[in-house]
Amino acid sequence: MIKKCLFPAAGYGTRFLPATKAMPKEMLPIVNKPLIQYGVEEAMEAGIYNMAIVTGRGKRALEDHFDISYELESQIKGTSKEKYLKDIRHILETCSFSYTRQMEMKGLGHAILCGEPLVGNEPFAVVLSDDLCDNAELGVLSQMCKIYEKYRCSIVAVEEVDMDEVSKYGVIAGRVMDENVFVVDNMIEKPSKDKAPSNLAIIGRYILTPDIFEILRHTQPGKNGEIQITDALLEQCKKGMVLAYKFKGVRYDCGSVDGFVQATDVFYEKFLKGEMH
Ligand code: UTP
């Protein structure tokens, strides 16, 4: 039912400088795989095969990653090293990739609006690939697609965070609707601890209905002078309904050094056990 996944990947990644000075943060590897590839694989698991990526200056490596590398491939053809390219080849054979550029970094809401020509007038998923999710069973997007099938409205993934951490996130207030599902009444971008309506923080997974584009077109810059997706979603919830889903799994903020190192430890264990391909 959801056919397209948008990857806003134009941000500067300042928390990871100097590594991200000339390299997109989405290309940072957790063990041997770049963050964006984990995101694409999560989308594929949810049955989504059209990937739309919003890039910016200095992000060409993303396009090159999802393309054939003739010289390299002919070099290792027939050798034992060929197996290392098996997964990425499968992605290239199965998925389509389209790109657009966000020319000025005006915030996540603006980046999503830049993706409109690639997405069109249909519901779509959004993955911020610096949020890497580890799930025992179904991936977060698969979990969210199931909820979308039932309720057909925009959904944000949330997790409980420490109250001292709320000021880093969009935070929701909501009423319980179903198991781990809340109807959103309010959401505030990066609230101070005393203004936060709960400790349910929005993480980098969304399913959005396409009316969000019209709302984003007139959303004024908010916190930090950026066009915030949270502000647009708040308008959407006043007009209709937005759900928050407390997903099953663990999220690592790989845009921060701490989260990146934690994820590396966890995924390296999986790698050693042969659980990663
Ligand atoms: P972040 O808040 O992680 O910002 O954006 P950032 O600039 O990438 O990283 P820091 O904070 O400077 O270290 C969340 C997501 O939104 C995208 C980013 O690429 C990231 O996936 N984004 C953000 C855009 O695509 N464009 C923007 O203008 C802002």
Side-chain angles (χ1 to χ4, degrees), residues 5-30 34-40 42-43 51-63 65-66 97-119 124-133 140-141 156-159 161 165-171 187-191 201-206 208 212-213 216-217 219-233 251-261 263:
C5 186
L6 189 68
F7 294 82
Y12 291 123
T14 51
R15 285 169 297 158
F16 234 107
L17 284 169
T20 46
K21 185 162 175 274
M23 181 181 77
K25 102 172 141 179
E26 296 75 15
M27 287 303 294
L28 289 169
I30 298 294
L35 285 167
I36 188 113
Q37 189 174 329
Y38 287 95
V40 166
E42 186 182 320
M51 312 298 166
I53 306 184
V54 181
T55 67
R57 282 179 294 282
K59 300 272 185 172
R60 264 213 36 206
L62 290 171
E63 294 176 49
H65 185 68
F66 295 110
F97 288 85
S98 52
Y99 299 88
T100 190
R101 276 197 182 204
Q102 184 189 20
M103 286 183 222
E104 290 173 280
M105 303 317 138
K106 292 195 208 162
L108 176 58
H110 180 255
I112 291 175
L113 183 57
C114 289
E116 184 182 16
L118 305 180
V119 168
F124 60 104
V126 177
V127 167
L128 306 184
S129 52
D130 43 345
D131 269 346
L132 177 60
C133 294
V140 182
L141 273 192
V156 297
V158 292
E159 73 171 3
V161 298
E165 301 272 298
V166 284
S167 62
K168 294 182 187 165
Y169 299 93
V171 177
M187 41 177 99
I188 307 179
E189 184 60 28
K190 301 190 171 61
I202 302 173
I203 64 123
R205 299 290 184 276
Y206 305 77
L208 300 174
I212 198 76
F213 292 126
L216 279 168
R217 244 187 288 287
T219 301
Q220 295 302 310
K223 206 115 210 182
N224 304 333
E226 296 187 334
I227 297 175
Q228 301 288 353
I229 187 64
T230 329
D231 293 338
L233 280 164
R251 177 207 60 125
Y252 298 96
D253 174 10
C254 296
S256 76
V257 173
D258 285 350
F260 180 88
V261 173

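Counting starts at 1 for both ligands and their atoms, in listed order.
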Salt bridge (Lys or Arg N to Asp or Glu O under 4.0 Å), that's the test. Do Arg15 and Asp253 meet it? Break it down for me. CA-CA 11 Å; Arg15 285 169 297 158; Asp253 174 10; 3.2 Å; yes
Lining ligand 1 at under 4.0 Å, by non-hydrogen atom distance, are residues Pro8, Ala9, Ala10, Gly11, Tyr12, Gly13, Thr14, Arg15, Lys25, Glu26, Gln102, Met105, Lys106, Gly107, Leu108, Ala111, Leu128, Asp130
Backbone N/O of Met23 and side chain of Thr20: donor-acceptor pair under 3.5 Å: no
Partner set under side chain to side chain donor-acceptor pair (under 3.5 Å) for Tyr169, not counting sequence neighbours: Arg251
Going by the angle between their ring planes, with limits at 30° and 60°, are Phe16 and Phe260 parallel, tilted or perpendicular? perpendicular
Please name all residues satisfying side-chain contact (heavy atoms from CB on, under 4.5 Å) with Ile188, sequence neighbours left out, ordered by chain then number. Asn186, Pro191, Pro197
Taking only residues two or more places apart in sequence or in another chain, which ones pass side chain to side chain donor-acceptor pair (under 3.5 Å) with Glu165? Lys168
